Each structure stands twice: as structure tokens, then as C-alpha cells.
Amino acid sequence: MELRICNPLRRLPFLSNCSYQIKSSQVRRFSVRSCRLDPNESHKLVLQVKKKLEKDHQSLPVGKNGRDDEDMILWFLKDRKFSVDESVERLTKAIKWREEFGVSELSHDSVKSVAETGKAYVHDFLDVNGRPVLIVDASKHLPAVHDHAENEKLCVFLIEKALSALPEGTEDILGIFDLRGFGTENADLSFITFLFDVFYYYYPKRLGQVLFVEAPFIFKPIWQLAKPLLKSYASLVRFCSVETVRKEYFTDATVPANFRD
């Protein structure tokens, strides 16, 4: 277990499950920001969440990405700092969203028409950190032409595809927005908000970093509007050049074709 000094105090419900005991006088000055529980303790919390979901939300589906998916439960517990109640709340929302959005029904054929625009795809190779890579060519995104719902379906389909390619031991993906050729006709604040909301609420901590490549001057005011809407994910954004992408994130053999010399 690790302690960090912080204010104000936030009492966390798993405190009593941790092996480290804190006296009441210490609790006034310290808060547990994270707790790396041993497998037995974390499994107990998984079962608590699982039981609570079964009791209070019987209508939720079961199976993979359902209310009894222990891997999914554990991931949300980690994201919510092992708070059972917060995890149940987030999981309930995420599972309902998956069902209503029809995530399990998405397929290559169902997004084929919009995917053929080449606006977004999962790269064939991992980056140098072993992460799957989701690439967006912003100049090909035309909100006035392409159906908004179809864009969202493609977005979620590609997130699922990237996550299915996660190597063992890797937990997040890299997002690359190629902003070369970006113009006012490509601006879509609502879609940027949708994308980051999806990661924030339904795929927490699955987005490791976002690269905005060769952002033109016209993109800057859009970023100023979007930044406050992106919550904590705004801190993951890095503005960089094509050369940076090529040299820092890929090898000569794995660099995406659009970023080669």
C-alpha cells in the first residue's frame, strides 16, 4: 500500500481492508490516494461488487463485459481506487451504455461505409512501448457529409479493436490525430467530446497518450474550446511533429505509412 500526503481528507471504503493500520490522529492528516491490495483482498472486493450488481441491478446482462465479468469489475475497482460503491455506479452506467449502444453488435461490415473513408483505423503494428495504435486522419473527417451516428459507431468499433490487440502486460493504447490538412470543414467539437467521454466513462485509463500531429493555427481555438471538456484526458495530449512520431514512437519497420519520409 502506498500513502501520499494530500488535502482534503477523502476516506475510502476499502481502508479497513488494507493491511496497514492508521491511527485516528493520522487520518486527520493523511488520505489514502491509492491502495495496491494483494490478490486476496482485491478478489474480495470484486465479489462484493459482483454481489451488489446482482442484487441491485439484476436486469444487466451477464457474461463478457457484463455484471459478472470479474476482469471488468477489477478494472473499474482500480480506476475508482477500490471504492465498491463508486465502482458499482460506474459499472452500471458502462454496462447499460454498452447494451444501449449495441457495442457487441458492431462489426467490420456494420461500419464499412464510414471506415472506407480512411478517416480512422487501427495501425497494424504496436508502438515502441508495446501499445496498439488508433490513428485518426482529421482532414478526412467531414461532419457535414458523414452521418454522426455512423462516426460514433466507427469510433467505438476501433476502440474495441485496439483493446482486443493489447499484449499481455499492456493496459492502454496510443491515439494519434494527424492534423495535416485540417480545415474548418473538419472541425467537430461534439465528436471530440464524444470520443473523450467514451474513454472517460466507459474505457477508463485505457487511453495512455494522445498525439496531435502538425496542428495548424486554425486548430488552436478549437483546442481551447475542447480542452475544458476533456477532463483529466487533456493532460494526456501532446502536440508534436511528424518527425517526433516517427523517431520516438515507432521503428523504421513499424512507422505508419503516412508518417514515413
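Keep in mind that what you see is a predicted model, and the values were worked out from it rather than measured. Sequence positions, counted from 1, serve as the residue numbers for this chain.
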Salt bridge between Glu116 and Lys140, side-chain N to carboxylate O under 4.0 Å?
no
Is it the case that the side chain of Ser83 and the backbone of Arg80 share a donor-acceptor pair, with hydrogens and angles ignored and the cut-off at 3.5 Å?
no
In terms of the angle between their ring planes, are Phe177 and Phe196 parallel, tilted or perpendicular, with boundaries placed at 30° and 60°?
parallel
Pairwise side-chain contact, Leu106 with Lys153, heavy-atom cut-off 4.5 Å (strictly under): yes
Distance col, row Leu60:CG vs Asp69:CG, nearest 0.5 angstrom, shows 12.5 Å
Paired with Leu207, the side chain to side chain contact (heavy atoms under 4.5 Å, CB included) test is passed by just one of Leu134, Ile173, Leu195, namely Ile173
**OP:** Taking only Lys NZ, Arg NE, NH1 and NH2, and the carboxylate oxygens of Asp or Glu, determine whether Arg98 and Glu105 approach each other closer than 4.0 Å.
**Re:** no
Quiz prompt | Charged N-O contact under 4.0 Å between Asp79 and Lys205 | solution = yes
Exercise. Where do His123 and Phe250 land on the ring pair (Phe, Tyr, Trp, His ring centres under 6.0 Å) test, with the steps shown first?
Worked result: CA-CA 11 Å; His123 186 42; Phe250 298 95; 5.6 Å; yes
*If you measure from the Lys or Arg side-chain nitrogens to the Asp or Glu carboxylate oxygens, is any gap between Lys96 and Glu99 under 4.0 Å?*
no
Tightest non-hydrogen contact, residues Val88 and Val49, listed as CG2-CG1, 3.9 Å
* Return the orientation label for the His148 and Phe194 ring planes: parallel under 30°, perpendicular over 60°, tilted otherwise. => perpendicular
Checking Val156, Asn151, Leu158 against Leu154 for side chain to side chain contact (heavy atoms under 4.5 Å, CB included), the one that qualifies is Leu158
Quiz item: What do you reckon, is CD of Glu89 surrounded by more than 12 foreign heavy atoms closer than 6.0 Å?
Solution: no
Sidechain N-carboxylate O distance under 4.0 Å for Lys50, Glu70:
yes
